[in-house]
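Accompanying notes for the structure given below.
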Amino acid sequence: MGTSKSNSGPSKGSSLLPDWATDNSPQQEVNEEPRKTDDKEVGQQDANNENEKTEESKTSSTQWRSVRSAFTSYFKSSNDSRKLGRALNRYVKASGGAKKITKSAISGKSSGIKLGVFLNDVAQKGYVEALNQLGIKDLTGKSIESVFTQIAETLSPKGNEGDDPYARAAISEALSKIYEEFELADKDISELENIDQSKAFVFFELYVESYISERLIAEMGKNLENKEFSEKEVIDKEFEIKEYIKNAVKLEFKDVNLNDLNLSNPENSEKINDIFETAYQIMELL
């Protein structure tokens, strides 16, 4: 699923499918009169705040220079997992750490929950009921391709902001794998009945791997110091990265149960958040 250029953003993948493409906590009332501050004190506070912002900016700039250096060093190497690990570690830290980057994975987590529920429904209730739950209730005269396009559109974010492109690409990757593995181009959609709990687990795991990889590859492209690399070099490095991410994510999935991913469960967001955060923590500790 390579891109032709290292800085072209998330790739569409070798899909067999058509293109598819504040804090609201209540404030306590305070009856005391606000403490008076003179202009000098206010001025000093403003100066301190500006100094803090400047220091944070300098730290961030230094960290991203380190990321660029690490990615470029890895890119020039020959399958050096140590250099890739160093680049991933610096990338996560420069992004604010595992918690912050996970918090920003809004669409990634939302689409992940939807996919997990859909796969679990297919395994537990059958594909017809699973499609009904997505609002796809009449398959009469519909091709498998058009049904999968509807599934993708339902599970994917609608916009193109933030992490929307990475979530959409990961959904496409997971559905493409299902389409390919069950040879749906030559068979009937009833083949989806063969998705059991273990298969559903594999496809959900693939989604998380794909999301993290797509996002990382896009960031890598932006942070290469020398972007004069051949298409083959880019594709080879993307493959290495995906294999690395795959192994990191597998460490977290040994305790994941798709039965827990129920949209009516208020703990859903916490569970999917833990999956993403742990995967990023693994990279942060490399």
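These figures come from a predicted structure and were not determined experimentally. Atoms considered below: every heavy atom in the structure, side chains included; atoms not considered: hydrogens, waters and symmetry mates.
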Got a sec, which pairs hit salt bridge (Lys or Arg N to Asp or Glu O under 4.0 Å) with one end in residues 125-138, sequence neighbours left out? Asp121-Lys125
Could you tell me whether a side-chain N or O of Ser156 sits under 3.5 Å from a main-chain N or O of Glu153, the two making a donor and an acceptor? no
Spacing of NZ belonging to Lys142 relative to OG1 belonging to Thr149, to within rounding of 0.5 Å: 11.0 Å
Does Lys232 come within less than 4.0 Å of Asp236, counting only side-chain N to carboxylate O? yes
If you measure from the Lys or Arg side-chain nitrogens to the Asp or Glu carboxylate oxygens, is any gap between Lys237 and Glu240 under 4.0 Å? yes
Report the C-alpha distance between Tyr211 and Glu173 in whole Å, list the side-chain angles of each, state the deciding distance to 0.1 Å, and finish with yes or no for side chain to side chain donor-acceptor pair (under 3.5 Å). CA-CA 9 Å; Tyr211 172 89; Glu173 183 81 359; over 6 Å; no
Leu115 with Ile106, same ILVMFWY side-chain cluster at under 4.5 Å: no
Could you report the tightest heavy-atom contact between Ile212 and Ala279, atom names first, then the distance? CD1-CB, 3.7 Å
Take Ile101 and Phe276 through the side chain to side chain contact (heavy atoms under 4.5 Å, CB included) test and state the conclusion after the steps. CA-CA 9 Å; Ile101 196 170; Phe276 275 80; over 6 Å; no
Once you measure the plane-to-plane angle for Phe71 and Tyr91, does it fall in the parallel (<30°), tilted (30-60°) or perpendicular (>60°) bin? tilted
To the nearest 0.5 Å, atom CG of Leu119 lies from atom CD of Glu205 at 12.5 Å
The complete set of salt bridge (Lys or Arg N to Asp or Glu O under 4.0 Å) pairs with one or both residues in residues 92-109, sequence neighbours excluded, reads Lys99-Glu277
Strictly distance-based, threshold 3.5 Å: is any side-chain N or O of Asn247 a donor or acceptor partner for the main-chain N or O of Tyr244? no
Mind listing the closest non-hydrogen atom pair of Asp196 and Ala123 along with its distance? C-CB, 3.6 Å
Which value, rounded to the nearest 0.5 Å, describes the distance between Thr102 atom OG1 and Asn273 atom CG? 6.0 Å
Working to the nearest 0.5 Å, report the span between CD1 of Ile136 and CZ of Phe148. 10.0 Å
Once you round to the nearest 0.5 Å, how far does NZ of Lys187 lie from CZ of Phe182? 9.5 Å
Please report the shortest heavy-atom distance between Ala167 and Ser111, naming the atom on each side. CB-OG, 4.1 Å
Can you confirm whether Ile171 sits close enough to Ile151 that some side-chain heavy atom of one is under 4.5 Å from a side-chain heavy atom of the other? no
Would you sort out whether Lys76 and Phe229 count as a side chain to side chain contact (heavy atoms under 4.5 Å, CB included), showing the intermediate values? CA-CA 9 Å; Lys76 291 179 178 179; Phe229 298 104; 4.3 Å; yes
In short, Gly97 meets Glu284 closest at the heavy-atom pair CA-OE2, 3.6 Å
How far apart are the C-alpha atoms of Ser104 and Arg215, what are their side-chain angles, what is the distance that settles it, and do they pass the side chain to side chain donor-acceptor pair (under 3.5 Å) test? CA-CA 11 Å; Ser104 70; Arg215 185 169 179 172; 2.6 Å; yes
How many angstroms lie between OH in Tyr166 and CD in Glu219, if you round to the nearest 0.5 Å? 5.5 Å
Side chain to side chain, Leu285 and Asn89, heavy atoms closer than 4.5 Å: no
Heavy-atom pair with the smallest gap, counting every atom of Glu233 and Phe75: O-CZ, 4.2 Å
Criterion side chain to side chain contact (heavy atoms under 4.5 Å, CB included) on Phe118 and Thr154, from CA distance to verdict: CA-CA 10 Å; Phe118 170 69; Thr154 304; over 6 Å; no
Going through the checks in order, is the side chain to side chain contact (heavy atoms under 4.5 Å, CB included) test met by Ile195 and Tyr127? CA-CA 9 Å; Ile195 296 181; Tyr127 79 95; over 6 Å; no
Treat each ILVMFWY residue as a node, draw an edge where side-chain heavy atoms are under 4.5 Å apart, and state whether Val122 and Leu206 are in one component. no
Shortest non-hydrogen contact between Pro157 and Arg168, atoms and distance: O-NH1, 3.0 Å
Does the pair Thr72 and Ser69 meet the rule for a side chain to side chain donor-acceptor pair (under 3.5 Å), with working shown? CA-CA 5 Å; Thr72 301; Ser69 176; over 6 Å; no
